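Single-structure report; data block below.
Computed from a prediction, not measured in an experiment: that's the story for all the values here. So that the names make sense, note that chain A is the first sequence line, chain B the second, and so on, each numbered from 1.
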Amino acid sequence: METNSINKRLAGLLSDGFLAVYFLFALFPILWMVLVSLKSGEELFTTQFIFHPTLENYRAIFFGDTRVGAGVVAKQEFPQYFLNSLIASTGAVILSLLVGVPAAYALARFNFKGKEDLAFTFLSFRFAPEMVVIIPLSVIYRQLGLYDTYFGIIWVYQLVTLPLLIWVLRSYFEDISPDIEQAAMIDGYPWWRIFWNILLPLVRPGLAAAALLAFVFAWNNFIFPLVLGGSHVQTVTVASLGYISSAQGFFNRMAAASVISSIPQIVLALSIQRYLIRGLSFGAVKG
Amino acid sequence: MAELRLEHIYKTYKGNVEAVKDLNLTVRDGEFLALLGPSGCGKTSTLRMIVGLEEITRGEMYIGDRLVNRLEPNARNVALAFETYALYPPLSVRDNIAFCLRARSVAPDEIKRRVDAVADMLDITDILDRKPAELGGGQKQRISLARALVRNPDVFLMDEPLSHLDAAQRAHMRVELKRLHAETGRTTILVTHDQLEAVAMAERIAVMNFGVLQQVGSFNEVYNHPVNEFVAGFIGEPPMNFLACRPAAQNGATALTAADGSFHLSLPSALQERVNAHNGQNLHLGVRPTDLHLGDGAADDDLLTLHATVDTYESLGEEGQLAANVGESPVLLITEPFLNLARGEKVDLQMSTNRIHLFDADTTNAI
C-alpha cells in the first residue's frame, strides 16, 4: 500500500519531468527566435541571455529600415506580405472546405466505380516532392496567366490542403450511421438541411482539426510561392528570405518577421485546441 | 391510420439479386402485423420499400387509397423506428422528437403539446433535455419510438426494435409496445427474426423466406397449420422433427413406412384420404418436440408409436430434453425432468394422429 502510492508519485514525477524536458526542447527555438528578434545588430551573434532588448526590428519591418545597408532592400512592405499570406492560406482552406467536404462525404457514403482509386489519387498529391512538380507547374502557370496571382497560389495550395481535408473528414463521415440520414429523410428534410443540421455538427472536431492543419501547411509553404509568386503575391515565408543578402544577414529582422508570422497559427491552434486533440486522435488515426 | 396494400411487389438489386419476389400482402387498418423471417429473407428490403428508402422494382403499393410507389419518404406519412435508433446526436431528446414536426412547420405550441403528450405516453418526460449520448439503450429505444409516433403516421414500422436490449428490458418493452399499439390503434408492422417477439406482440404473422412470402396468419394458423416445411420448422422452439417416409398399401388401407424401414404407421381414414389424394411418393412426417411423448405401453387408436434409441438426455429443471434416433433420423422431444435414460436405451415415442404434419418431400408443401 505504502510503496504503491510512493511508486505512483514517483511515476507522476518522472512523467512530469519528461514532459518538462520535452517542453523545453520543443519551445526553445521559439524562445530563441523571440530573443533574437529583440536584439540589436551588435548583440546578434552573442549567446548572452542578458542584453538590451529593443523593438527596433519590429519597427523596421513595419515602417521601413532607417539603416539600409548596401544591397539590402527596404522591407517596409512586410504588412503587405503578411496580408498576402493571409489571403492565400485562408483562400486555400476555404476552397478546400468547399470542395473537400462534399468529396469526403461522397467517398465515405457512395459506392461508385474507381472510388478507391480516386481517393488514392487525392492522397498521391502528397507523394511527389514539391520540387519535382514545380518546374512544369511554373511553365503551365506562365502560359495560363496564373503566375503571380492570388488565385494561382490558392489553387496550387490545394495540393497541400485538399488531401488532408478529404482523408481526415472521410473517416469522420464513415463513422456516422447512414440510418441517421435516412431517419431525417423520412422526417421530411431535404438533403442539404440534413447535411447542414445533422452531419456537419457531427464532423465538427475533424473539420476544425483538418482545417487548422491545412492552414498551417499552407501558411508555412515556401517553394510554391517562391516559384509561382512574383513581386505581386509574395508571402511571408518567401519575403523573410529577403532579410539576408550576400552582404549582410539581418537575422534579427528575420526573427521579428517570423514572430509576427507565427501569431495567426498560434492563435488559431489555441482557440480550437479543444477540437484539435479529439479531432486528430479520433478521426485521422482510424482512417 | 390506413390500410397498407402490397400488390405483386418485386425488388431486384443490381446483378439480378432478387430480394423480394411477387409479394402480396394486406395489412389491415389498425392491425399489428409481424414480418418474420431469417436474415436475408427480404423482410428488410420490404420494410425499406414501404418506407420509401428503396425503390420498388415492380408492383404497386397503396396506403389507404393512395398509390405511393413514386412518393418520397416524407410524403408517404409512414414512420420507422430504426434498429440502431438513429437518433440525432447533436440535438436534445426534445429536439429529436420535434425534428419531424419542424420540417412540417407545425406551430411551436402545437409541437410542444404533441412532444409532451408522446413523452408522457412513453415515460421519457424527465430526460427531454438530455442528449442521446448520455442515455441507455432502453431510453434511446423509447425516444426513437416517440420520434416515430409524434407525427401520427398512417403506418408505423419497427425494424428489430428489441435486438439491442438486454433480456429484462426486452420483456418489459414487449409489453410496452403492445400497450402502445392498443392505445394508439395504429397500423403497425414489426420486422423481426425472433419468433418470440412476433408471437408475443403481433395479431398476424407474415413469414418470409428467400424473398418469398410463405404464409400469413395468426400464430394459431402458422403454428398448427403450417403451409410448408419452412414455416413448420421456423415457427416453434425447438424446431419440428421431420422423418422421411412413403405411403404403403396395407390390407387395402394406406400406411406410412419409414424410408429406412424403422417405422410403419397405420393412419386414420382422414389422413389416408389426404395421402391418397396426393401423388408423391416421398413424404416427410413432421411432429413437434412438444407433441412427441415417451410411450407408457398403452395402446390407443389415436396414438402412433415410433421405436427409438436414446442419444442424449438433458434434465433442465422444469422439463427434460431428449435427443433420440428413429432409425437413422434424429428426433428431439420435450419430456418430464429427472428421468433416468441411458444412452443406447430403447424407448417408445408416441404421438397423437391429429398432431402430425405431412409434407411432400420434393416441394416441401403441406399435403
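- Surrounding CZ of A:Phe112 are more than 12 heavy atoms belonging to other residues, nucleotides or ligands, all under 6.0 Å away.
- Taken from OH in B:Tyr88 to CG in A:Asn197, the straight-line distance is 10.5 Å, to the nearest 0.5 Å.
- Taking chain B as the reference chain and counting heavy-atom pairs below 4.5 Å, the highest number among A:Met185, A:Arg204, A:Gln182 is found for A:Gln182.
- Within a 6.0 Å radius of CZ in B:Arg104, other residues, nucleotides and ligands contribute more than 12 heavy atoms.
- How far CD1 of A:Ile186 is from CZ of B:Arg151: 7.0 Å, rounded to the nearest 0.5 Å.
- When the shell of 6.0 Å around CG of A:Asp16 is examined, it contains more than 12 heavy atoms from other residues, nucleotides or ligands.
- Both the backbone and the side chain of B:Phe99 have a heavy atom closer than 4.5 Å to some heavy atom of chain A.
- Of all non-hydrogen atoms in A:Ile198 and B:Pro90, the two that sit nearest each other are O-CG, 3.9 Å.
- With respect to chain B, the highest number of heavy-atom pairs below 4.5 Å among A:Ala184, A:Pro201, A:Ala183, A:Gly188 belongs to A:Ala183.
- By the 6.0 Å contact criterion, NZ on B:Lys112 is open, its count of non-hydrogen atoms from other residues, nucleotides or ligands being 12 or less.
- If you measure heavy-atom distances from B:Arg102 to chain A, the contacts under 4.5 Å come from both the backbone and the side chain.
- Here B:Ala103 is the residue among B:Ala103, B:Pro73, B:Pro89 with the most heavy-atom pairs under 4.5 Å with chain A.
- Heavy-atom contacts from other residues, nucleotides or ligands closer than 6.0 Å to CD of B:Glu7 number more than 12.
- The environment of CZ in A:Phe23 is sparse: at most 12 heavy-atom neighbours from other residues, nucleotides or ligands sit within 6.0 Å.
- The number of heavy-atom neighbours closer than 6.0 Å to CZ of A:Phe25, taken from other residues, nucleotides and ligands shown, is 12 or below.
- For chain A, the option among B:Val51, B:Leu87, B:Leu53, B:Asn77 with the highest count of heavy-atom pairs below 4.5 Å is B:Leu53.
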